[in-house]
Structure formats: structure tokens, C-alpha cells
There are 2 protein chains.
Amino acid sequence: MPTLRDVAADAGVTKMTVSNVLNGRRDQVSEATYERVMRAVERLGYVRNATARSLSANRSGILALVYKAPPPGADPLGNPHDSIFLGEVERCVSASGRHLMVRSAESPIAAVDSLRSWNVDAAIFLNTVAEDLETVRARHNVPLVFVDNYSGSPLISNVGVDDFRGGYLAAEHLADHGHAQIAWVGPERVLNEVMDQRFQGFTQALAERGIAHGPSGAIDCELSFDAAVTVGEALADSPRPFTAIFAPADIIAIGLMKGLNHKGIHVPSQMSIVGFDDLPVSHQVSPELTTIRQDVRAKADAAVDIALRLLAAGPDAAPEHLTLDVALVPRESVAAPAR
Amino acid sequence: MPTLRDVAADAGVTKMTVSNVLNGRRDQVSEATYERVMRAVERLGYVRNATARSLSANRSGILALVYKAPPPGADPLGNPHDSIFLGEVERCVSASGRHLMVRSAESPIAAVDSLRSWNVDAAIFLNTVAEDLETVRARHNVPLVFVDNYSGSPLISNVGVDDFRGGYLAAEHLADHGHAQIAWVGPERVLNEVMDQRFQGFTQALAERGIAHGPSGAIDCELSFDAAVTVGEALADSPRPFTAIFAPADIIAIGLMKGLNHKGIHVPSQMSIVGFDDLPVSHQVSPELTTIRQDVRAKADAAVDIALRLLAAGPDAAPEHLTLDVALVPRESVAAPAR
DNA sequence: TTGAAAGCGCTAACAC
DNA sequence: GTGTTAGCGCTTTCAA
């Protein structure tokens with residue numbers, strides 16, 4: 001592999017001049033020299049050694065994306081939300097001429113050492129709980145962008161969506177269709193602020209309309225398709241004091257539809273359902289799912305954007321907090337309640 | 001950030017001793033010294049500088065995953081096959097104590113410079129066409145593992161699945177149900193060996209059973225859900241000299257079902273369909289899709305495994321070629337042809 | 001506009 | 001077992 005020194009020798013200049021050329025400091029190099037160096041680079045097939053550069057310049061050009069490792073057995077990155085987010089982050093990072101390192105970890109804290117080790121310039125954290133983040137910040141002083149984290153900590157940046165409004169819109173939509181008993185079927189909300197916010201928005205919309213929502217209307221369901229099928233089947237077999245369901249994740253909504261269907265309950269004529277996320281699968285199933293759309297790619301764009309901006313602004317730049325809007329996407333899984 | 005030197009000072013030894021301790025060369029260090037060094041590491045919160053290590057030792061501990069950039073507008077990593085593959089690769093790479101760099105590129109050739117730049121130890125290439133690979137090999141002499149590449153080149157390793165057999169099984173399954181006119185609805189097969197192999201297996205099974213398969217039975221459809229919906233609708237509106245379809249990708253099969261459904265054609269009673277891949281979505285839709293399953297995670301495991309093995313074996317190790325088996329998963333989208 | 005010297009943090013090779 | 005020396009390929013700083 002040719003090095004700077006080889007290029008310098010070939011072009012008849014010193015390493016420093018080559019370095020200047022390569023770093024685009026055109027004002028420090030004469031036109032003729034510039035050309036000569038570039039030709040030498042070309043001829044030798046020279047590629048910068050990023051590792052040496054990183055060591056010497058003390059910035060690596062690496063951005064890291066850290067996400068929560070899935071439970072054993074589950075498909076890593078099996079969730080379309082996460083994979084599309086990752087794909088879009090990669091696109092932005094590559095477009096900026098930097099490099100993306102990807103790492104799953106039980107807890108973000110476990111990943112910090114690898115960030116420090118590679119001297120990463122900034123990191124984005126997906127699916128982390130609020131507590132972890134102060135520790136992470138304490139150990140690694142680079143721009144840290146969290147996603148969907150409700151810590152509110154001023155030490156880190158965050159990009160999220162308006163989960164509260166999403167829940168509100170879902171309830172409103174169902175109420176507008178005449179539903180007066182609406183169940184929540186979703187993950188436990190302890191330690192899951194995202195879900196809790198969706199729930200709060202949901203209940204507020206109900207309350208404003210004088211629709212009662214007792215605890216009996218909140219049904220636990222793990223965040224997986226299979227779990228939701230089971231819950232859907234169980235629901236079909238039991239008395240149901242409600243005519244509609246808000247499932248705060250599409251994957252649950254889809255599972256519920258399938259479970260209900262198995263047992264002969266038709267959606268939407270016998271049960272209306274609203275989901276959340278607008279995953280691709282939601283318009284692939286029949287009936288297509290009415291859902292709350294969040295723009296995952298915009299979220300990814302924003303996360304990278306903030307990371308790069310803070311990087312450019314230097315270590316004293318203030319973290320940024322951004323909340324993206326959501327929207328209701330009416331499709332086929334909601335109808336007026338059966339008479 | 002503490003360095004080796006700081007740890008050495010703290011422990012009252014030289015850098016070299018600390019290095020030996022950190023690299024687990026226990027036989028070169030006395031028990032007492034080992035303990036002392038470890039305590040110093042602990043106390044200072046020392047983390048290895050991977051960048052310096054890579055420069056000096058000439059191996060980075062980085063594995064790269066390179067995949068084809070999606071067309072503009074499409075979700076990057078929107079394809080579950082690719083994202084699950086990536087997730088599983090990450091899992092294996094992390095488990096081996098290495099680091100994963102992820103990069104999309106128009107062509108693998110475009111990504112080679114970044115591999116060289118970071119001195120990556122090995123690379124895995126997803127969704128590449130056969131031609132690219134000789135160029136890649138020529139420019140970067142580390143273990144290169146391609147996925148689903150039919151070049152047959154002895155210069156690189158490959159992991160794939162038995163696409164031919166998958167096509168064969170699909171045709172056989174439909175024929176066994178009594179279908180005597182079966183259409184292929186899939187992407188163009190020029191330059192797409194994977195699809196061509198599935199097609200060859202498909203036609204061979206038909207030929208063995210004396211089932212004619214004229215060119216009229218091969219219908220082009222882009223590899224996307226939306227494209228398949230359109231084709232499905234068009235099919236519903238035209239004379240159909242066939243009672244069953246083999247769609248060599250689940251995403252197409254699902255789109256076809258939806259398109260046919262829109263127009264009142266019922267699957268499977270009026271049209272049977274077999275897909276390929278067994279994506280999660282295939283058992284989320286109704287009817288559930290009968291399909292050819294490939295084990296994406298096993299493919300990812302094998303790719304990383306080969307990369308690491310070749311790495312351990314040194315630069316002269318012979319590339320490996322592995323073909324994983326596929327299996328028919330009977331579900332709900334196939335029935336006997338309508339009378 | 002170009003060059004020389006020093007050093008980033010680590011490991012390999014060899015000496016003690 | 002432990003220490004010494006040299007150097008990986010680059011950038012920074014300062015001098016010419």
C-alpha cells in the first residue's frame with residue numbers, strides 16, 4: 001500500500017505538501033504542485049490511511065449507531081422501524097464523507113468503551129431508556145444524539161416524535177367514528193415513556209369527549225406480532241366491552257387483526273383498530289391498517305444532522321431537542337361500531 | 001483520556017508490560033504485576049486506543065458490510081432480508097469482539113477505498129453483481145465474502161442458498177396440487193443469477209412433469225410491493241391461462257395477492273401463489289403465504305464465520321463456497337385449481 | 001509556497 | 001518477567 005511518503009517521492013515534494021493537497025488547502029499549494037501531486041496519487045492508487053489520520057488528528061470521521069440488542073431468538077433489526085432508521089443514517093453518514101460503525105448492546109453503557117476506543121466523533125442511540133444516558137455522557141464527551149428518549153436531560157440531544165399527539169389523534173379518529181368504548185392494547189408503560197405518552201394523549205382525547213376509560217380498557221400486550229395474535233384470539237373468545245382498539249404499534253395492531261380474524265371477528269365491521277408507526281406492512285395487509293404515521297427517515301436525517309452540526313460547532317455547543325410531527329393515515333381498519 | 005503510558009506509570013511498570021497484560025499474554029507477566037496493572041486500568045478507566053493499535057499492529061479488528069445503495073426514494077434497508085442479515089452480522093461481529101462498519105454503495109468498487117482506508121480485516125458484500133468482484137479482489141487483499149453471488153470465482157468466498165432447488169420445490173408443490181398451468185411472475189432474469197436459478201429450477205420441475213411453460217407464462221414484475229400490486233390488478237383484468245403463480249420473492253407474492261384481491265380474485269380458491277424467502281410479513285398477511293424458506297440468519301452466521309476463519313488462516317487460505325438448503329413452507333395460499 | 005521536526009498511542013523485536 | 005528501541009502513517013507547529 002502506497003503511503004504519503006511514496007506519493008511525495010513520486011511527485012518530488014514533501015509529505016507535508018501532499019497532505020495539504022489531500023486536505024484541500026488549495027491556498028497553500030501552487031497550481032502546478034497541486035496537479036503534480038494529484039497525478040502521483042492517481043498513478044499510485046493512493047488511499048489515505050484513516051487510522052493514522054485519526055490517531056494524529058484526533059478525530060476519526062466515524063459516527064456510531066448504537067441500538068439495543070434484541071432478546072435471544074428474536075431477529076436482530078427485525079423491526080422495520082429500526083432497520084429503516086439505520087439505513088437512512090447510513091445514507092446520510094456516507095453522504096457526508098464519514099464512516100458508520102454499528103453496534104448493538106444490552107445497554108448503551110456497554111457500548112461506550114467501543115466508542116471511546118475508536119475515538120468516534122459522535123454517536124446516535126436508538127431504543128435506550130432514560131437512565132442510561134447520564135452515564136454515557138459522563139464517559140464520552142462527544143455529541144450524543146438519542147432517539148425517542150424522554151429524559152429531557154440538557155446534557156444530550158434528542159430526536160423524537162409527538163407521541164402524545166399520536167395517541168390523541170388515534171382516540172379522536174375512533175371517537176369521530178362513533179366509538180364510545182375504546183380499548184388500549186399495548187406494552188406495559190412503566191419505564192417506557194414513548195408508550196406512556198401515546199397513552200396519555202389517548203386518554204386525554206377520550207376524557208375531553210366524556211368517554212370513560214377505566215383500567216379494564218388497558219390490555220397488556222408485548223411488542224411482537226406473535227404475542228398480539230395470541231391476545232387477539234383471547235379477546236375474540238371473551239366478552240368485549242369495547243368496539244374499537246388503539247394499538248400503539250403497528251406490529252401489535254396487525255397481530256390483533258390476525259388473531260381476531262382467526263376467531264371469526266371481522267375488522268373493521270365488528271372491531272375497529274388504529275395502529276401507530278405506519279410500517280410498510282401496514283398497507284400490505286388486508287384490511288389495510290389505519291394508523292398514526294411517523295416519518296422514520298426524517299427522524300434519522302435529523303439525528304445525523306444534529307450530530308454533524310454539534311460536531312462542527314465544537315464541544316461547547318448546546319444539545320438540541322427536536323420533536324417531529326405525526327399524522328393520522330386513514331385506511332381500512334376503522335368503521336362505525338356495529339349496532 | 002488515559003493512555004498506556006499513564007497506566008504504566010500508575011502501576012509502576014513500562015508500557016510494554018501493560019500491553020502484554022492487556023493482550024492476555026499471561027505467561028509473560030507475573031501474577032502480582034498482572035493484578036497491579038489491572039487495578040491501574042480499572043482505576044484510571046483506561047480504554048485501548050483502537051486507532052493506534054490498528055496503525056501499529058496493522059490489523060484493525062473491523063469487519064465491513066457493504067450493500068447496494070437503494071434507488072433514490074426507496075427505503076434504505078427497507079427489505080427485511082437485508083436488514084435481518086445485517087442485524088445478524090452485527091451480532092456475530094460483536095460477539096467476536098470486533099467492530100462492524102456498514103456502508104452502502106452504488107457498486108462494491110466504490111466502497112473499496114473506504115475499506116482500504118480503514119484497513120478493514122475482512123468484508124462481506126450483499127446484493128452485488130458478479131462482474132464487480134474481480135475488481136474488488138484486485139484492489140484489496142483481505143478475506144472477501146460475497147452473498148448470493150453466482151460468479152463462481154475462485155478468488156472470493158460466497159454464501160448462498162439453493163435457489164434452483166427452491167424454484168423446483170415451488171413448481172413441484174403447485175403441480176402436486178393439480179395445477180397444470182403455472183405462471184412465473186418475477187424480476188427480469190438478465191444479470192440476476194439468483195432469479196435465473198429459481199427460474200431454472202421452476203421450469204425443470206415443470207418439464208419433468210410434462211407441464212408446458214411457454215414464454216407467455218413468464219411475467220415481468222419489479223421487485224417491490226407496489227409494482228406487484230399493479231401487476232396483480234392487471235392480471236385480474238385480463239384472461240389468465242394459468243391457475244397458479246410462482247413469485248420468486250415474498251414481497252412480490254404479497255403484492256400480487258393484494259392486487260388480485262382488489263379486483264375480486266380470491267387466493268387460493270381462484271389463484272394459488274407460492275413465494276420465496278419466508279419474510280416475517282408472509283405469515284402476517286391473510287391468507288398466509290406458502291413460500292420457500294431460506295434461513296437468512298444462518299446465511300449471515302456463515303458469512304461472518306467464513307470471514308473470521310479465513311482471517312485466522314492467513315492470506316493464503318483458499319476461499320470457501322457454501323450453499324444453504326431451502327425448504328417449502330406450506331401455508332394458506334395454495335389450493336387445488338378451481339374446476 | 002514549501003519543508004523539517006516532533007509526536008499521536010500503540011506493538012513488534014529484541015535485549016536484559 | 002520486564003525494559004528498550006524503533007516505527008506504523010499521518011498532522012501540527014514552526015521555520016525557511
N119(B)-N58(B) side chain donor-acceptor pair, cut-off 3.5 Å: yes
Whole-Å gap separating C1' (dG7(C)) and CZ (R53(A)): 17 Å
From N149(B) atom CG to F125(B) atom CZ, the distance as rounded to the nearest 0.5 Å: 10.5 Å
Below 4.0 Å: OP1/OP2 of dT12(D) and any side-chain N or O of S56(A): no
Straight-line distance of D305(B) CG to E320(B) CD, nearest 0.5 Å: 8.0 Å
Interatomic distance, K15(A) NZ vs dG9(D) P [rounded to whole Å]: 10 Å
Residue-level proximity of residues 20-47 of chain B to DNA chain D when a heavy atom falls under 4.0 Å: D27(B), Q28(B), V29(B), S30(B), T33(B)
Between P of dT11(D) and CG of N119(A), the distance in whole Å: 15 Å
Nearest-angstrom distance from the residue atom CG of N58(B) to P of dC10(D): 12 Å
No-hydrogen, no-angle side-chain donor-acceptor test under 3.5 Å, D163(A) and Y150(A): yes
Neighbour count >12 (heavy atoms, 6.0 Å) for atom CZ, R309(A): yes
Between P of dA15(D) and CE of M16(A), the distance in whole Å: 16 Å
L55(A) CG - dA6(C) C1' separation (whole Å): 13 Å
E42(B) atom CD, neighbour heavy-atom count above 12 within 6.0 Å: no
For atom CG of L4(A) and atom C1' of dA4(C), their distance in whole Å: 15 Å
